[in-house]
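Okay, structure first, notes after.
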Amino acid sequence: MNGTPRTIVVTGAASGIGATTAELLRSRGDRVISVDLRSADVCADLSSPSGRADAVAGVATLVGDGVLDGLVTCAGLSRAGARQVSVNYFGTVDLVTGLRPLLARSAAPRVALVSSISSTQPADAAVVDACLAGSEPDALAAAEAAVAAGRPHEIYASTKAALNRWLRRTAVSEEFAAAGIAVNAIAPGVVLTPMTEELVSDPQWKAVMDAAVPMPLNGYAPPEAIAHALLWLLAPENTHMAGQVVFVDGGAEALTV
Ligand SMILES: NC(=O)c1ccc[n+]([C@@H]2O[C@H](COP(=O)([O-])OP(=O)(O)OC[C@H]3O[C@@H](n4cnc5c(N)ncnc54)[C@H](O)[C@@H]3O)[C@@H](O)[C@H]2O)c1
């Protein structure tokens, strides 16, 4: 165990990066409250406002009179479609906002979002703008329009680009930085999880992915590489980082400039 045990919420904890992060936190003696569609302490569907409200209420019940020290938002969808807007963007920001009062009770509250290298790729401005305006119906309509226009792949990039921009303005606000709550993000490159299993095992898709996300430093990442970076963002030692998107991507983002 490292230091005093902390209580950390992990969304998307039933698989991939979330499962690995939860496991690592537990191995260090922390208490994890997992949130996912199934196989979690709090089973909730983050694709709907009511599901998100259920998730926040479920966590609040488990925290009780205690303290919530951290939140990691790993729940996400890669299958192209409007639902990505609801899970990847609103499923993240509503949890951060909803759990803020519980986080504010901690002596060292930390939030770590999971963004993506895709946030650097072509996005749909209407989806991004509607997300940042906080309008889920408008964002869903813009995403449906992108699908109809033959650009469904832009939705994922749009949700992650919007998340990065929301992070930058939220992290420095009265509610977060001024309340001592550090909010930052890790943006992974390609990580070997169930999300990418099919893609990397298909030579054609693998070639597309390798061209889009070249990773000269050590290639595809195991989920542990992302989990360790997330753990640092969550640590009490992370006292002065706010609103940063840290690319843990084998150098892919550096190659874009
Ligand atoms: N794997 C990669 O290469 C990669 C790269 C960049 C970013 N990411 C991001 O990392 C995060 C984790 O991805 P992963 O690779 O571990 O994927 P994964 O598919 O293994 O895990 C995602 C988890 O999110 C949960 N989830 C999905 N929809 C949900 C909903 N409506 N409500 C509640 N939970 C829901 C799933 O049940 C699953 O347990 C995602 O945000 C993803 O966009 C992944």
Side-chain angles (χ1 to χ4, degrees), residues 9-24 32-56 58-59 71-96 98 112-121 136 140 153 155-164 167 185-201 205-206 208-210 212-215 219-227 229-230 233 245-250 252-253:
V9 167
V10 181
T11 75
S15 176
I17 295 168
T20 303
T21 303
E23 204 175 288
L24 201 56
V32 171
I33 298 177
S34 56
V35 178
D36 208 304
L37 287 168
R38 57 193 72 82
S39 309
D41 298 316
V42 177
C43 292
D45 183 352
L46 300 179
S47 72
S48 73
S50 63
R52 289 168 223 144
D54 288 348
V56 169
V59 169
L71 165 65
V72 194
T73 60
C74 299
L77 283 181
S78 62
R79 188 176 293 271
R83 194 175 154 90
Q84 289 177 314
V85 162
S86 298
V87 179
N88 298 6
Y89 183 82
F90 291 96
T92 299
V93 306
D94 284 2
L95 266 267
V96 176
L113 313 183
V114 179
S115 178
S116 172
I117 182 64
S118 299
S119 60
T120 62
Q121 291 165 352
E136 192 169 1
L140 286 168
H153 52 280
I155 302 173
Y156 182 80
S158 306
T159 62
K160 297 294 186 176
L163 206 53
N164 290 3
L167 161 71
I186 296 299
V190 179
V191 188
L192 296 170
T193 69
M195 186 179 271
T196 51
E197 224 163 42
E198 272 180 46
L199 292 176
V200 296
S201 53
W205 273 115
K206 185 179 175 302
V208 170
M209 233 166 34
D210 289 347
V213 186
M215 299 176 66
Y220 301 152
E224 287 77 10
I226 310 305
L230 288 166
L233 291 186
V245 179
V246 181
F247 286 83
V248 180
D249 63 355
E253 191 272 341

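Whatever order the structure lists them in is the order used to number ligands and atoms, beginning at 1.
Residues Val35 and Val59 form a side-chain contact, since some pair of their non-hydrogen atoms from C-beta on lies under 4.5 Å apart. You'll find the side chain of Thr120 reaches within 4.5 Å of the side chain of Phe247, heavy atoms only. Side-chain atoms of Asn88 and Leu77, non-hydrogen and from C-beta on, do get closer than 4.5 Å to each other.
Checked against salt bridge (charged side-chain N to carboxylate O under 4.0 Å, His left out), Glu253 has no partners two or more places apart in sequence or in another chain. With sequence neighbours left out, Asp45 forms a salt bridge (charged side-chain N to carboxylate O under 4.0 Å, His left out) with Arg83. Contacts of Thr20 classified as side chain to side chain donor-acceptor pair (under 3.5 Å), with partners at least two apart in sequence or in another chain: none.
Pocket lining of ligand 1, defined as residues with a non-hydrogen atom under 4.0 Å away: Gly12, Ala14, Ser15, Gly16, Ile17, Asp36, Leu37, Ala44, Asp45, Leu46, Ser47, Cys74, Ala75, Gly76, Leu77, Arg83, Val87, Val114, Ser115, Ser116, Tyr156, Lys160, Pro188, Gly189, Val190, Val191, Thr193, Pro194, Met195, Thr196.
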